[in-house]
Each structure stands twice: as structure tokens, then as C-alpha cells.
Amino acid sequence: MHDPINAFPLPLDTSPMEARLADEIPRDGNRWQYEPKWDGFRCLAFKSDDTVDLRAKSGKPLGRYFPEIMGILGDLKRGHFVIDGEIVIEVDGELSFEALQMRLHPAQSRIRKLSSQTPASLILFDMLASPGGEVITGKPLVERRRAIEDFVISSNNPDLRLSKCTYDAATAARWLNGAGHASTDGIVAKVLDEHYLCGERAMVKVKPRRTADCVVGGFRYLADSREVGSLLLGLYNNDDGKLDHVGFTSTIARADRGALTRRLEGLRSEPGFTGKAPGGPSRWSTERSGQWEPLKPELVVEVRFDHVTGNRFRHGTKLLRWRPDKAPRQCTFEQIE
């Protein structure tokens, strides 16, 4: 079986165009297209004849985890194309990153079951090679956008979806204000007359800037060190009054680590979290130790976060300041709902 990635003439790179983080939506001139930053797995999809390949941003293959997407693309009567998009799974009307993570399972039988229960879709927003094998990375975004629009329309499959876009910065700002809760993670801005620059940070991504006051329910040491590496954050659940683990922050200044470690070690006390507790290493961060030290729930910090999924901060948070003026019991989930 031939490799579809190698079925196209050079200079087709197999690295997706990436984005650099910015604090504000770019507004200089009428040169920008804005899109939602979808809450899924970014991927490039390759098809050559009857062979399909899905590749993550890292280059790792994704096809075995999403057989339904492989089937959809394989059934298309159009061959020799490369498309850029986001794999998503919708649960109860919202995109679920947790459902995506569950697909990364070693058992193929489990993956087949999940693909039937919660099928994935592919939201498309760019095209590197049009059907027939013409490489179009050297064409401006406005032309590539027309190509991916035509591709989605002609495919006539509800699980191949076209990402919405706008040229209006005010509309993009409204999308940004609604991001960070479920289906979207911010907005992405692209220059209308720019080529598809494989592997380069040529797009701009902007994420919502939200903050929350959290209880420090525990901490982890740095690897191979007895100094604090990260603080484990918790919020009180209004349903049962228990302290649930919601994420972590590791943005601790090196000069502060020694004194902070001594302070935290003086507060060690089980259980730390009375509700949902931190687990061991995840499939995404296998090097991070699963061991953690529980603390009395006395310290409060304000952190900045960008996305909440399943009542947890998706990514690490930025430590803004300590809040000695805030009572731990005031730190509830209402802040992030």
C-alpha cells in the first residue's frame, strides 16, 4: 500500500501552518479573516486513490482512533487531496474534548464502540492540495477558502463541516467573548492574501482572558528536586460542599520556590481535596509524577485560564497573585460556569 503523504509533488510539506499567541485581535486594515478556534484535535487529512491518512499536528497518525473519519474520506469519489481541519466530537450539543481523549485507547474494540456511540466530525478550514492533486499552498487564503468551501459542498456529508469565518473584527470579538466554555477555544486570524506557510507560525490566535480564585489543595515537587514545581488548584462544589481538583499552575518564579516550598510543607495535611482528587500521570504528560502532597485548604491564589472542560482547566494556568484577603470557601465553581 502506498503512502498518501508521498503521493503529491514537491514542494508539499506535511506540517500544518501554526499560530502565534497574541493578546488582542489584529485589526490593521481589511486584510484579515477570522475563524473560531475549535475545541478538537488539529489534523491534516491526506487522500490518494483509495488510501487515507490522518496526521496530528505533531505528525503522529490519528487514523486508527477515528475509523469513522477514515471511512467518510475513503468513500469520497474525489482523490488526491490534502485538507486541514479539526476533529471534533459533539456530546449533548457541545464539543467534548474529553470524548476525544477517550479515543486514544490501545484496544481497537473500544475505539470501534466509541466511534459508534459518539461519532466524530471533521471541521475544515483550509486546503493544501485540491482534488486531482494540484498543490495550492502557494495560493492566497481567499482562493484556498473558495476551494475548501467547494470541497465541503460537493462532499454533501454532514460530518464534513465547513468552519465559519468573518472579515469583521467586531464579530470576531463577540466570538472571542463566548469562547472558553465548550465548543471554541478562542479565535484564529489569517491574512487574506498570504500563502499556506507549512510549519510556520503565520496565523494569530487569541484566547479569552479569564481569572478565578482557587484554593491550593496540594502541590507537586519538581522532578529530581525537593522544591515545589506546581500548585494543585481546587474549587468548592456547591452541590456537596467538597473541594474538587480543577487544575494546576506551575508559573512559580525560581527565586520564590525555596520559601514557598517551606511554607507549603508546613501546611501538609490529608486529604487536601475532599471531592475529586488529582490522578496520576495522564496520557498527555507521562513524565510528570503522579505523586502529590495534600495541604490544609487555607491558601488562595488568583490564576488566569483560557478554557474549561468538564469542570477542569484544560491547560495549565498562570499564577497572578496570592489572595490572603479571600476566604477559601468563597472559591466556588460559580466563577467558571
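Computed from a predicted model, the values in this text were never measured in an experiment.
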Go through it in stages, so that I can follow the logic: the residues are K164 and W175, the test is side chain to side chain contact (heavy atoms under 4.5 Å, CB included), and I'd like the CA-CA distance, side-chain angles, deciding distance and then a yes or no. CA-CA 11 Å; K164 63 183 179 181; W175 291 351; 3.8 Å; yes
Start with the C-alpha distance between L233 and V303, add both sets of side-chain angles, then the distance that settles side chain to side chain contact (heavy atoms under 4.5 Å, CB included), and finish with yes or no. CA-CA 9 Å; L233 309 174; V303 298; 4.0 Å; yes
Would you please test R210 and D306 for side chain to side chain contact (heavy atoms under 4.5 Å, CB included) and show each step? CA-CA 6 Å; R210 303 170 60 196; D306 58 23; over 6 Å; no
Test H195 against R144 for side chain to side chain donor-acceptor pair (under 3.5 Å), laying out the working first. CA-CA 9 Å; H195 299 169; R144 302 195 315 273; over 6 Å; no
Run the ring-ring contact (aromatic ring centres under 6.0 Å, His included) test on Y65 and F41 for me, step by step, so that the C-alpha distance in whole Å, both residues' side-chain angles and the decisive distance to 0.1 Å come before the verdict. CA-CA 11 Å; Y65 304 114; F41 286 171; 8.7 Å; no
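Side-chain contact check for R112 and S115: no donor-acceptor pair (N or O, by modelled atom type) lies under 3.5 Å. Between the side chains of T211 and R304, no donor-acceptor pair is found at a separation under 3.5 Å. Between the side chains of R78 and S154, a donor-acceptor pair is found at a separation under 3.5 Å.
Of all heavy-atom pairs between R329 and G241, the closest is NH1-O, 2.9 Å. Listed here is the closest heavy atom pair of S163 and F125: CB-CB, 3.9 Å. Residues R27 and A173 approach most closely at NH2-CB, 4.0 Å, considering heavy atoms. Across all their heavy atoms, H105 and M102 have their closest contact at CB-O, 3.8 Å. Considering all non-hydrogen atoms of both residues, S116 and P119 come closest at O-CD, 3.8 Å. Nearest heavy atom pair, residue C165 against residue E35, reads CB-CG, 3.9 Å.
Relative to the six-membered ring of F97, R314 meets both conditions, a distance below 6.0 Å and an angle of at most 45° to the axis. Under the 6.0 Å distance and 45° angle rule, R263 counts as a cation-pi partner of W322.
Ring orientation note: the planes of W32 and Y34 are close to parallel, at an angle under 30° on the 30°/60° scale.
With rounding to the nearest 0.5 angstrom, the CZ atom of F305 is 6.0 Å from the CD1 atom of I336.
Counted within 6.0 Å of CD on E270, heavy atoms from surrounding residues, nucleotides or ligands total 12 or fewer; the atom is thus considered open. Atom NZ of K205 has more than 12 neighbouring heavy atoms from other residues, nucleotides or ligands inside a 6.0 Å radius. In the displayed structure, Q108 atom CD is contacted under 6.0 Å by more than 12 heavy atoms of other residues, nucleotides or ligands. Few gaps surround CG on D240; more than 12 heavy atoms of other groups in view lie less than 6.0 Å from it.
Aromatic rings from F273 and W292 are positioned such that their centres are separated by under 6.0 Å.
Linking ILVMFWY side-chain heavy atoms closer than 4.5 Å, directly or via other members, places M17 and L192 in two distinct hydrophobic clusters.
Checking V215, T249, L295 one by one against L231, the side chain to side chain contact (heavy atoms under 4.5 Å, CB included) holds for a single residue, T249.
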